[in-house]
Amino acid sequence: MAEAADFPGTRPTPARRWLRRTAALLVGTPLLAGLLQVPASPAADAAVPEAPVAAATDKGPVEVSLDELTPAVPREGDTVTVSGTVTNTRKQTVTDAEVGLRLGAPLSGRSALDSAARRKDFQPGADGAEVGGKHVDKIAKLVPGVPTDFSISVPVKALDLGEDGVYQLGVTLTGQSAAQPYPQVLGIERTFLPWQPDGAETKTKTTYLWPLISETHLTAETGSDEQQTPVFKNDDLADELAAGGRLQQLLALGSDLDVTWVIDPDTLASVEAMTEGYRIRNDDGKTTRAGKHQAVAKQWLNDLEAAVKDEKVVALPFADPDLASLAHTGKGVTGSLSHLKEATEAGVSAVKAILHTEPSTDFAWPAEGAIDPSIVDVSTSAGAHTVIARSDSLRESQALPYSPTAARPIGGGTTAVVADARLSTAFRGDMTVSEDATLAVQEFTAQSLMLNQQVPGKQRSIVIAPQRMPTVSQAQAMAKGLTALQEGTWTQFQGLTAAAKAKPDPQATTRVPSAGAYPAALRKRELPQSAFVTFRDTQSALERFQVILTKRDRVVTPFRRAIDRGMSTSWRGRPAEATTYRDGVQNYLNSLTKQVSLIKRSDAKLSGRSATIPVSVQNNLVQGVENLTLRLYSRKPSRLKIGDGEYEEKQVKIAGGHSQSVKFTTTAKANGPVPVYAQLFTEDGQPYGDPVHFEVNVTEFTLAVMLVIAGGLLLLVLAGFRMYTQRKRAARKRAEEGPDEDPEDENGAAAETGDPEQPSDPTPDTAPESTDPSDTGERVDR
């Protein structure tokens, strides 16, 4: 955002306090005048580096490291203490050295502050005169390569500060060497000293977003037990929650600050999943039980619930989906946008259930606050009415002499809350080095005061949106900077909702940048379209799978949340890991669907007119399945009819861990091999799983064979009838001749006169039908 070179309404400099300083600065007047009268263009003022300007190391033969400055924002009666180290980087020993402080004139604007931070070498006029006197730290000898500590304490009254504003404070090492045997400045480090001892005429309303966001930790996999034990990718989340861990520090530090909590509900859900038993997936694909971090997880959630009670909480959509990726590469893939609305609803439910507080869901936060029309459309598609942008994306088109209020309407009932880019990026980079953290804190407070003094009588509402996942050292530096602002006299903190409702500045830009203006570096880090194709395929497979389940929530909920996690903004810059996660979710779902399948069977032989063919279905899931139909059909119905036609269907319902044998009636029309297929279908007619193929070899008796058998039976009947008639005639003849007196003849006659033996009925061509399932490979006769 642009600003004038000088502060409108600045009070005149007290002559008495600056006469002494003027004489010392005369030699540098031309250079200083040039520095003070260069106004900043809107474009230049809006440009902000990705990381805060770091102190240059090439500042002379001696490297000066400023490790601590207290207080960050001094007041009347305070004593400013500066400490650090000096290191001789050359080969010659430095003698008669002393570390001193140099106070420059108050800077004229935010752009002038940027220029001062970028300067490397010592400039006599611009860097001011040394405070001198007893406020120096003398070092007799500075040998090469050996850091030497220093500490200087100066009462504020000795600094002789003038008007309110931001002063450049230089820490210099003055000394001499054998090659240059005269006193000279051999090294310098610059920082800034905000000076506002009395309350500001109008305080700046400031909103600071405090993010509790982590990477994706949970997989789609859960245990088969009743509690559905969650499975984590690793145990990294436990490290973040432990004492000194990233999330533990963010919670502890944020609890003492006036901030708006911005929470990813997936982070809460993942921590809650740790409060009970959980498992860790190993590199070999197996899981091991982890149980030593439940207490840490419970304590963190309890502390968070206490910290956010009655405080301002913003809930992001579940897993913090990458809105820019959805807009640029995902919108063209069917179903992608529907996940955003569902993730928003799931996020609200998670925050309410875990933290027992009502969060705001009216805010969408694209990566790095960069927006274009498509990102705005996607951001508001799930119900949000406010987009958190950043001033290096929504740049000012007019040469405003100040930074305008953050809120501004951008059309369609949508408000853009434009975070200040300088303040939002103040704590990027490596803050583990104490010097970097100290310089960042001083520049942060200085920029805040400079912004306030642009138009002292005009109150504005400013929003600061830092990086999504600050490191421990970054969070600690952020907390120091915010603490300094809270103790300052020019800032009034407020929540994000209040900032969004602030009256927009009529001169501030409301034009959303075009798609072509979106930073190429950010576009390269987006999820590819192939990622959303994978999500679509996974969702389709899930929808087909869930219709057969008796306990759908046990599968549907974990997979939907896993798909949300696959779209997370945290995957930016980690394409290989993102692909592995997406593929893992899809592969696991495929493995579950294959737990319900047809059991392969061997070919069968059918030796009669009809038979019963069994087909087995296996359910290796823990829960039962239903709404499945098994269809058996013949590829040659002219030879083998199944049921009443080409195929027959039967409903399938199987308990978990069981199998079922389904039997089909077949009728043979002609002999020979017949291909037979079995296929499962869902209730909507979609094929489920792979079909099973086998052959039925029909060996039915032909008509000619049946005629031969019938003829043979007829001959047997005729032969029997002839024998019967012959015996009848013989019996009548003996009766006419008289009885035989021989007992043996009587007995024999008696035997002959008994009932003749009747020929038995012909054996039927089919045995009684059996409905028992056939063993694998057995002959199917009926």
Side-chain angles (χ1 to χ4, degrees), residues 50 211 213-220 233 262 264-267 269-270 316-344 346-347 363-382 384 387-390 393 467-469 513 515-542 558-590:
E50 285 297 319
I213 302 173
S214 186
E215 295 178 354
T216 295
H217 297 283
L218 275 171
T219 68
K233 293 193 311 172
V262 180
D264 174 12
D266 180 35
T267 300
S270 298
L316 298 174
F318 194 91
D320 186 21
D322 192 334
L323 301 176
S325 294
L326 275 167
H328 295 155
T329 63
K331 193 164 58 173
V333 179
T334 304
S336 295
L337 291 183
S338 64
H339 290 288
L340 181 59
K341 182 173 181 57
E342 187 178 328
T344 300
F363 298 91
W365 190 12
E368 301 295 335
I371 62 173
D372 61 24
S374 64
I375 295 176
V376 173
D377 290 343
V378 167
S379 298
T380 56
S381 65
V387 180
I388 302 172
R390 208 168 66 190
S393 176
Q467 56 272 36
R468 266 176 156 76
M469 290 189 287
Y518 190 82
L522 292 180
R523 194 179 290 270
K524 289 179 181 178
R525 297 166 64 88
E526 293 175 353
L527 297 173
Q529 189 176 57
S530 59
F532 294 95
V533 172
T534 300
F535 300 144
R536 180 197 62 194
D537 294 344
T538 302
Q539 180 65 33
S540 298
L542 180 62
F559 273 101
R560 285 181 176 171
R561 299 292 78 81
I563 293 174
D564 292 338
R565 293 182 181 106
M567 298 184 182
S568 175
T569 305
S570 66
W571 295 118
R572 281 181 168 254
R574 302 189 296 149
E577 295 177 57
T579 300
T580 299
Y581 185 82
R582 292 193 299 270
D583 292 347
V585 173
Q586 189 175 53
N587 293 338
Y588 181 58
L589 178 58
N590 291 338

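Computation of the quantities below employed the complete heavy-atom set of this structure, encompassing side-chain atoms and omitting hydrogens, waters and symmetry-equivalent molecules.
Put simply, CH2 on W571 and OG1 on T580 are 8.5 Å apart, with the number rounded to the nearest 0.5 Å. How far CG of N587 is from CZ of R582: 12.5 Å, rounded to the nearest 0.5 Å. Between the CG atom in D264 and the CD atom in E215 there is a gap of 11.5 Å [rounded to 0.5 Å]. Here the OG-NZ distance, from S325 to K331, works out to 13.0 Å after rounding to the nearest 0.5 Å. For the atom pair CG of L522 and CG of D322, the computed distance is 10.0 Å after rounding to the nearest 0.5 Å.
Shortest non-hydrogen contact noted between L589 and L542 is CD2-N, 3.6 Å. Of all the heavy atoms in I371 and S393, the pair that sits closest is N-OG, 3.1 Å. Among all heavy-atom pairs drawn from S336 and L326, the shortest one is O-CD2, 3.9 Å. The two residues A384 and S379 make their nearest non-hydrogen contact at CB-O, 3.6 Å. A367 and T569 get closest at one heavy-atom pair: CB-CG2, 4.1 Å. Closest approach of P366 and L323 over heavy atoms only: N-CD1, 4.0 Å.
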*Run the side-chain contact (heavy atoms from CB on, under 4.5 Å) check on T267 and M469 step by step: do they pass?*
CA-CA 12 Å; T267 300; M469 290 189 287; over 6 Å; no
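A salt bridge links R561 with E342: the distance from a Lys NZ or Arg NE/NH1/NH2 to an Asp or Glu carboxylate oxygen falls below 4.0 Å.
Residues T579 and T534 have side chains not in contact (no heavy-atom distance under 4.5 Å, counting atoms from C-beta outward). Put simply, the side chain of D564 does not reach to within 4.5 Å of the side chain of D266, judged on heavy atoms. Proximity of H339 to R560: side-chain heavy atoms (C-beta onward) are nowhere separated by under 4.5 Å. Contact check for F532 versus M567: side-chain heavy atoms found under the 4.5 Å cut-off. For the pair S570/D320, no side-chain contact is recorded, criterion being any heavy-atom separation below 4.5 Å from C-beta on. Put simply, the side chain of Y581 reaches to within 4.5 Å of the side chain of T216, judged on heavy atoms. Side-chain atoms of L316 and I213, non-hydrogen and from C-beta on, do get closer than 4.5 Å to each other.
D372 places no side-chain N or O within 3.5 Å of a backbone atom of P513 that could act as its donor or acceptor partner.
Both tests hold for R468 against W365: distance to the six-membered ring centre under 6.0 Å, angle to the ring axis within 45°.
Side-chain contact check for R565 and S568: no donor-acceptor pair (N or O, by modelled atom type) lies under 3.5 Å.
Across R390, R572, R525, Q467, a single residue satisfies side chain to side chain donor-acceptor pair (under 3.5 Å) together with E368, and that is R390.
In this pair, H328 and Y518 present their aromatic rings perpendicular. The plane angle is above 60°, beyond the 30 to 60° band.
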